[in-house]
Amino acid sequence: MSSSSAVRIEPLSRPLAGSVRVPGDKSISHRAVLFSAMAEGTSTLSGVLDSEDVRSSMKVVEALGAKVALDKQPDGSLAGEVRGWGSEGPRQPEGPLDCGNSGTTARLLMGVLAPWGIEAEITGDESLTRRPMRRITAPLMKMGVRFSPDGKETLPVTERGTSALRPITYDSPMASAQLKTAVLLAGVYADGTTTVNEPAPSRNHTELMLPEFGVKTTAGERTASVVGPARLEACDVHVPGDPSSAAFLACAAVLKPGSDVTIENVSLNTARIGFVRTLERMGADVSIARTGVAGKEPFGTISVRFTPRLRGCEVPADKIASIVDEIPVLALVAAHAQGITVFREVGELRVKETDRLRAVIDGLEALGVDAWEDGNDLHIEGQPDLVAPAGLVFDSGGDHRLAMTWALVGLVGREPVDVKDFECVAISYPGFLDDMERLAS
Ligand code: S3P
């Protein structure tokens, strides 16, 4: 993702109004595809997100021998069947497993491959090959998995699993659902109980979905365990809408005068809607209503209205995992609030698709807003009357969440902005601009 072409984002001509369904949740879609590939039998999936990241997971499991027959539906989602490799195991791939831009694919895949004696090289794009992988390889090595070259921190790495996996209790140094999932997936095949303890709760989609595939899983607020050896059995999974995508619509509605929007069919998993809580604490007019449950995942509507007087707030360290992907867009909202907003302990942002901490501070400074880091805390001094200067050009650096955050500056402001590498929104939300324009038409 390094084209320098910029897309001009024009201000929306009207307030955002009406209702919208966001595309399927990215985290749940990855898990639905990967777990189905591991399972015995044929799983039926619906509501799956059609985006570049999820396509990376589909491509990788196909290279390993799963049969993926997911087709585009009239609503843009993917639905169909995945036949897993089950007890036969994955086949030796012919070439490197390319995870593209998807950290979730790469890290979960390490757990998926752990019980099998094949040798697979895992790689990705320029951004992914810079991201830290030791957090996953370290616990998996304790379980008996081998990675080469020895001590390598980043992709590409070659993994060789083992049928003699050792169960572990792992006190994770960070709240990371990717890490937790990789260890639990390996634990399914180890002889005994594998436990991951976390310093703060991370998203729990794995703990909610594994029992649907017949794997006994126990979970508390900061701990999750599986008992092995077990095996995954095919099942039906419906994927609700993605709160991380909904967050862009919600934040746009909060900032654009006159807006009144209802986002339907969106996951209301508490580990994912921290952004709603943060917006509430800023005084935003936002509410949620649960309408159903898909498997064990609750979903419903998020209603948001324009809010003229926002106030800064402090988000404590133990809530960061519940907003980790939404911090850039929440930082933009904080830039419009009265007073200082502080996001505590957000060092993880430095190792996302880009260094999002640096990018957010630089972007807000371009807007004329004071933002700074103090240790690992992000501080933003909001301006309730903020008006973005004309002629702004933002570089997303190929980071989808930054592309959408900076696009919002143009969409809800008075002047157009240019966003470089805007096409990367296809990683998680290909219809982002269409949905915004439809709500404002
Ligand atoms: C994800 C977990 C989070 C999140 C990422 C998706 C997942 O990462 O940022 O976009 O699906 O498990 P960490 O596990 O690194 O916190």
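First listed ligand is number 1; within each ligand, the first listed atom is number 1.
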Are the charged groups of E198 and R222 less than 4.0 angstrom apart, N to O? no

Identify whether the distance between the nearest side-chain nitrogen and carboxylate oxygen of R21 and D435 falls below 4.0 Å. no

Between R277 (side chain only) and I273 (backbone N and O only), is there a donor and an acceptor less than 3.5 Å apart? no

Show me the pairs that pass side-chain hydrogen bond (donor to acceptor under 3.5 Å, both in side chains) and involve residues 341-365, at least two apart or across chains. R135-E348, E314-R344, R344-D377, R350-E373, R350-N376, E353-R356, E353-H400, T354-D399, R356-D399, R358-D362, R358-E373

State whether E207 and K180 are salt-bridged, where the test is any N-O pair (Lys NZ or Arg NE/NH1/NH2 against Asp/Glu carboxylate O) under 4.0 Å. yes

Residue shell for ligand 1, any heavy atom closer than 4.0 Å, reads S27, R31, T104, R107, A175, S176, A177, Q178, R203, V324, D325, K352

Is D242 salt-bridged to R272, cutoff N-O under 4.0 Å? yes

